[in-house]
Amino acid sequence: MTVQRSWIAEANDPATGFPLANLPFGVFLRAHDRHLGIAIGDSILDLRACVDLGYFDQLPQRLRDACWQPTLNNLMSQGRAASRAVREAAMQILAENSAARDNRLLIPQAGASMLLPVEVPDYTDFYASIHHATRVGRLFRPDNPLLPNYKYVPIGYHGRASSIVVSGTPIRRPSGQLKLPDVPAPVFAPTRSLDYELEAGFLIGQGSTHGEPVPIDQADDHIFGFCLVNDWSARDIQSWEYQPLGPFLAKSFATTISPWIVTLDALEPFRVPGLERPAGDPGPLPYLAGEADRTRGAFDIQMEVYLHTLQMRAANKPPVRLSHSSLRHLYWTPAQMLAHHTSNGCPMRPGDLLASGTVSGPEDSSRGCLLEITERGAKPLTLPDGEVRTFLEDGDEVILRAWCEKPGHPRISFGECRGAILPASS
Ligand code: CA
């Protein structure tokens with residue numbers, strides 16, 4: 001495969017995560033206005049400037065209008081062909097042979113203020129990693145870790161869209177009802193077991209109609225792209241409130257997403273067969289089974305979690321990696337999640353976020369949250385500088401990173417999804 005080159009030198013560096021083959025969408029602040037942008041090398045291509053300076057004149061008016069909006073929702077709502085047309089027009093501007101070498105179209109990524117790229121109408125969080133579900137289940141039900149519905153139903157819960165924030169936003173330690181062991185009544189207090197969850201999310205482009213399920217083989221038409229998601233969780237609040245209706249305030253205080261949305265087109269080379277189900281597992285029910293989904297429904301996205309404590313930052317020490325996994329280990333594919341979510345006629349709206357659930361792999365080094373790593377606090381984690389953690393402390397910063405790579409293809413990055421913990425309000 002010939003790798004296309006850009007006139008922006010940094011975009012051709014094999015170490016960049018933002019070559020011409022990526023071109024993820026985001027929103028940034030420029031002169032007090034929200035501008036749509038595309039990451040390229042260490043720069044951002046300003047899509048509003050592309051319109052204003054006449055570089056998008058070949059695009060239909062509805063797409064030029066979409067590039068002038070304060071969020072990606074309008075572009076997303078126009079479907080996959082629309083976002084592909086804008087991405088390809090950007091690719092032409094940025095390609096090595098382009099006549100449009102105009103620096104007015106670019107701003108440096110360093111120092112740019114990235115904003116929430118999408119107004120998210122609804123947020124659903126799945127539980128698609130069987131490794132996570134089994135490890136967590138074992139903590140609560142040692143003899144029967146995986147509930148009997150798991151291999152039939154993509155389990156999920158309705159999250160709260162109003163508390164989704166962009167990477168870099170500080171996270172205030174929440175207070176809530178905690179039931180301490182050996183005390184008869186709960187107290188209202190700051191959580192003592194604040195956790196992160198390493199997740200990937202996909203954002204809905206073209207919506208679906210109320211009452212009409214999205215068939216599994218048409219799921220791709222409704223997926224705009226992927227981002228990183230940190231589903232912050234207060235484990236003590238969660239364990240007291242979760243029965244019988246699932247997580248509520250333990251999750252809804254904050255969810256962080258990465259600023260760049262990597263399109264389905266950019267991820268095409270990294271599609272892989274869905275997880276091969278072990279012998280004896282039931283096959284998916286017909287509405288969750290598709291030939292294309294079986295052969296290329298999963299995504300080999302490498303995902304990492306780093307922890308940067310206050311003490312490490314003060315000593316100028318780098319963050320410590322806590323986990324490395326791949327999205328390919330999920331039991332359910334994104335298309336299965338979307339087909340299931342709409343199977344009762346529930347409509348999707350442009351910008352809806354569907355997250356994977358904690359991404360954990362089979363190895364101990366691939367456990368995607370502290371609940372798994374410290375076994376609910378029973379096995380504290382000693383960090384290289386001697387600090388000890390069961391759960392997150394005030395001042396801790398959690399950094400999620402993700403990328404795709406394979407021989408013959410440029411590496412593509414999701415960038416980072418960061419958040420640091422502020423003390424509880426007094
Ligand atoms: Ca989650």
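The basis for the numbers below is simple: all heavy atoms, side chains too, and nothing from hydrogens, waters or symmetry mates. Just follow the structure's listing: the first ligand is 1, and inside any ligand the first atom is 1. For this chain, numbers begin at 1 and follow the sequence in order.
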With carbon and hydrogen excluded and only N/O/S kept, which atom of Asp125 is nearest the Ca ion (ligand 1)?
OD2
Which atom name would you report as the N, O or S atom of Asp231 nearest the Ca ion (ligand 1)?
OD2
Run the ring-centre check on Phe414 versus Phe226 and record whether the distance is less than 6.0 Å.
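Ring centroids of Phe414 and Phe226 are no less than 6.0 Å from each other.
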Can you confirm whether or not the ring centre of His132 sits under 6.0 Å from the ring centre of His329?
no
Which angle, to 10 degrees, forms at the Ca ion (ligand 1) with OE2 of Glu199 on one side and OE1 of Glu197 on the other?
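It is 90°, given to the nearest 10°.
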Classify the side-chain pair Ser83/Gln78 by whether it contains a donor and acceptor separated by less than 3.5 Å.
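On atom types as modelled, these side chains do not qualify, holding no pair under 3.5 Å.
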Taking the six-membered ring of Trp332 as reference, does the NZ or CZ atom of Arg277 fall below 6.0 Å from its centre and within a 45° cone about the axis?
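Yes, Arg277 sits over the ring of Trp332.
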